[in-house]
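Keep in mind it's a predicted model, so treat the numbers as computed, not measured. So that the names make sense, note that chain A is the first sequence line, chain B the second, and so on, each numbered from 1.
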2 protein chains.
Amino acid sequence: MKNNNFRTFQGYMKQEEHLLSASMEDYLEMIYRLSKDTGFTRINELSEALNVHPPSATRMVQKLGLMNLLQYERYGVIILRAEGKKLGELLLLRHNIIEAFFRLIGAKAETLLAETEKVEHTLSDETVKCFEQFIAFIEENPDVLIRFKNFKVE
Amino acid sequence: MKNNNFRTFQGYMKQEEHLLSASMEDYLEMIYRLSKDTGFTRINELSEALNVHPPSATRMVQKLGLMNLLQYERYGVIILRAEGKKLGELLLLRHNIIEAFFRLIGAKAETLLAETEKVEHTLSDETVKCFEQFIAFIEENPDVLIRFKNFKVE
DNA sequence: GTATCATTTTAGGCATTGCTAATTTTTTTA
DNA sequence: TAAAAAAATTAGCAATGCCTAAAATGATAC
């Protein structure tokens with residue numbers, strides 16, 4: 001076995017010149033959700049939504065602030081900057097594509113959210129695009145889905 | 001947004017009574033691969049295969065040893081115990097299902113391995129089963145794949 | 001305006017898993 | 001069998017991101 005291409009999970013996650021870690025992506029996506037209507041969110045709301053304790057949210061928000069993805073001052077409100085907004089929107093879009101795709105192929109509803117939240121950090125743009133194309137394909141060819149469902153019953 | 005079900009990536013990865021962390025799964029899967037023919041492997045071979053440095057492999061192997069997944073003594077060979085073998089086999093099986101599925105829907109060959117290695121730690125058994133069923137479905141209905149490919153061209 | 005309450009921050013700790021440097025053990029070679 | 005080389009271990013550090021406890025700040029009520 002001279003195949004030099006394997007890595008551990010962490011090895012892969014580091015290797016890429018990922019601008020954002022998985023956690024950063026989670027925070028950014030959630031900030032985008034929460035501030036979509038009102039234009040802002042707060043540490044408390046954010047930490048509750050993500051089921052982390054406030055100090056964890058504070059630290060991450062400070063970090064995202066240093067990266068110029070959002071605007072934040074101590075004890076203040078969290079407002080996405082243009083770049084952060086753009087990323088957040090993409091992240092949410094990606095999330096929705098993956099979720100829709102999993103639903104299509106029959107993933108259990110109970111685990112759908114957790115599944116999507118985990119997977120979304122690990123898929124390449126190309127593969128997400130494949131998911132997207134498959135969704136569009138099924139929309140135009142609903143008979144395929146029916147055949148698949150029948151196949152599964154057997 | 002009172003939905004209490006979101007978590008950060010790490011939140012999800014911890015939450016489950018996961019016997020094995022993502023890294024543990026990687027090591028176990030690789031040990032299984034490497035010892036499949038010969039019945040054993042070594043720290044050096046393992047660390048090279050996973051692109052980590054030997055001390056990292058030593059530590060993880062010791063940990064897996066404490067979990068009774070493998071048999072190991074200082075400076076010795078690594079031999080999977082029954083439980084470790086069973087898990088390793090399942091992990092490799094899962095890996096292959098996911099890889100085959102991604103290939104089917106058209107994931108880029110260059111990123112296929114990395115993609116699979118990352119995703120495999122984040123999918124539920126049910127979803128992997130969906131992948132498996134889809135593969136079987138396409139095998140029995142190759143016309144669907146042709147239609148999908150044609151659809152993508154447009 | 002001050003006391004209370006809620007929110008947020010700071011400080012410090014923990015677990016994981018990677019790394020390097022130095023040491024120990026094993027294997028090979030001469 | 002003794003010296004050299006290779007392999008593996010130990011020890012200690014780093015980064016990430018979570019936590020708790022205590023302090024600081026802000027908002028509210030009287």
Output the single nucleotide from C/dT25, C/dT8, D/dC18 whose closest atom is nearest the side chain of A/Ser56. D/dC18
Is any side-chain nitrogen or oxygen of B/Thr58 closer than 4.0 Å to OP1 or OP2 of D/dA8? no
Value in whole Å for how far the P atom of D/dC18 lies from CG of A/Leu46: 10 Å
Less than 4.5 Å apart, any side-chain heavy atom of A/Ile79 and any of A/Ser35? no
Any chance NZ of B/Lys152 has more than 12 other-residue heavy atoms, nucleotides or ligands included, within less than 6.0 Å? yes
Below 4.0 Å: OP1/OP2 of C/dT10 and any side-chain N or O of A/Gln62: yes
Are the aromatic rings of B/Phe6 and B/Tyr12 close, with centres under 6.0 Å apart? no
Under 3.5 Å, is there a donor-acceptor pair between the side chain of B/Ser47 and the main chain of B/Ile43? yes
Less than 4.0 angstrom between a side-chain N/O of B/Ser23 and OP1 or OP2 of C/dT16, yes or no? no
Check against salt bridge (Lys or Arg N to Asp or Glu O under 4.0 Å), A/Arg94 and A/Glu25: CA-CA 11 Å; A/Arg94 187 180 70 177; A/Glu25 288 187 348; 2.8 Å; yes
CZ of B/Phe40 versus P of D/dA7: gap in Å, rounded? 14 Å
Is there a donor and acceptor pair closer than 3.5 Å between the side chain of B/Arg59 and the base of D/dG12? yes
Which whole-number value in Å describes the distance from A/His53 NE2 to C/dG12 P? 20 Å
Does A/Asn51 reach the main-chain N or O of B/Arg7 with its side chain, forming a donor-acceptor pair under 3.5 Å? no
Check this for me: does the side-chain of B/Tyr75 come within 3.5 Å of the base of C/dT24 through a donor and an acceptor? yes
Rounding to an integer number of Å, can you tell me how far A/Gln10 CD sits from C/dT16 C1'? 7 Å
Of the options D/dA8, D/dT20, C/dT20, whose atoms approach the side-chain atoms of B/Tyr72 most closely? D/dA8
A/Leu66 CG to D/dT16 C1', in whole Å, measures 16 Å
To the nearest angstrom, how far is B/Arg7 atom CZ from D/dC18 atom P? 12 Å
Does B/Asn44 place a side-chain N or O at less than 4.0 Å from the phosphate oxygens OP1/OP2 of D/dA8? yes
Check whether any side-chain N or O of B/Tyr27 sits under 4.0 Å from OP1 or OP2 of C/dG18, and answer yes or no. yes
Which nucleotide wins on minimum distance to the side chain of B/Met24, given the candidates D/dA8, C/dT17, D/dA21? C/dT17
Would you please confirm or rule out a distance under 4.0 Å between OP1 or OP2 of C/dG18 and any side-chain N or O of A/Thr8? yes
Does B/Pro55 or A/Ala22 map to a spot on DNA chain D nearer the 5' end, using the closest nucleotide for each? B/Pro55
Distance check needed: D/dG17 C1' versus A/Asn51 CG, whole Å only. 15 Å
From C/dT17, C/dT8, D/dG17, nucleotide with atom closest to B/Ser21 side chain: C/dT17
Does B/Arg42 put a side-chain nitrogen or oxygen below 4.0 Å from OP1 or OP2 of D/dA7? no
Residue pair B/Lys63/A/Pro54 against DNA chain C: nearer the 5' end by closest nucleotide is A/Pro54
Whole-Å distance separating the CD1 atom of A/Ile78 from the C1' atom of C/dT9: 13 Å
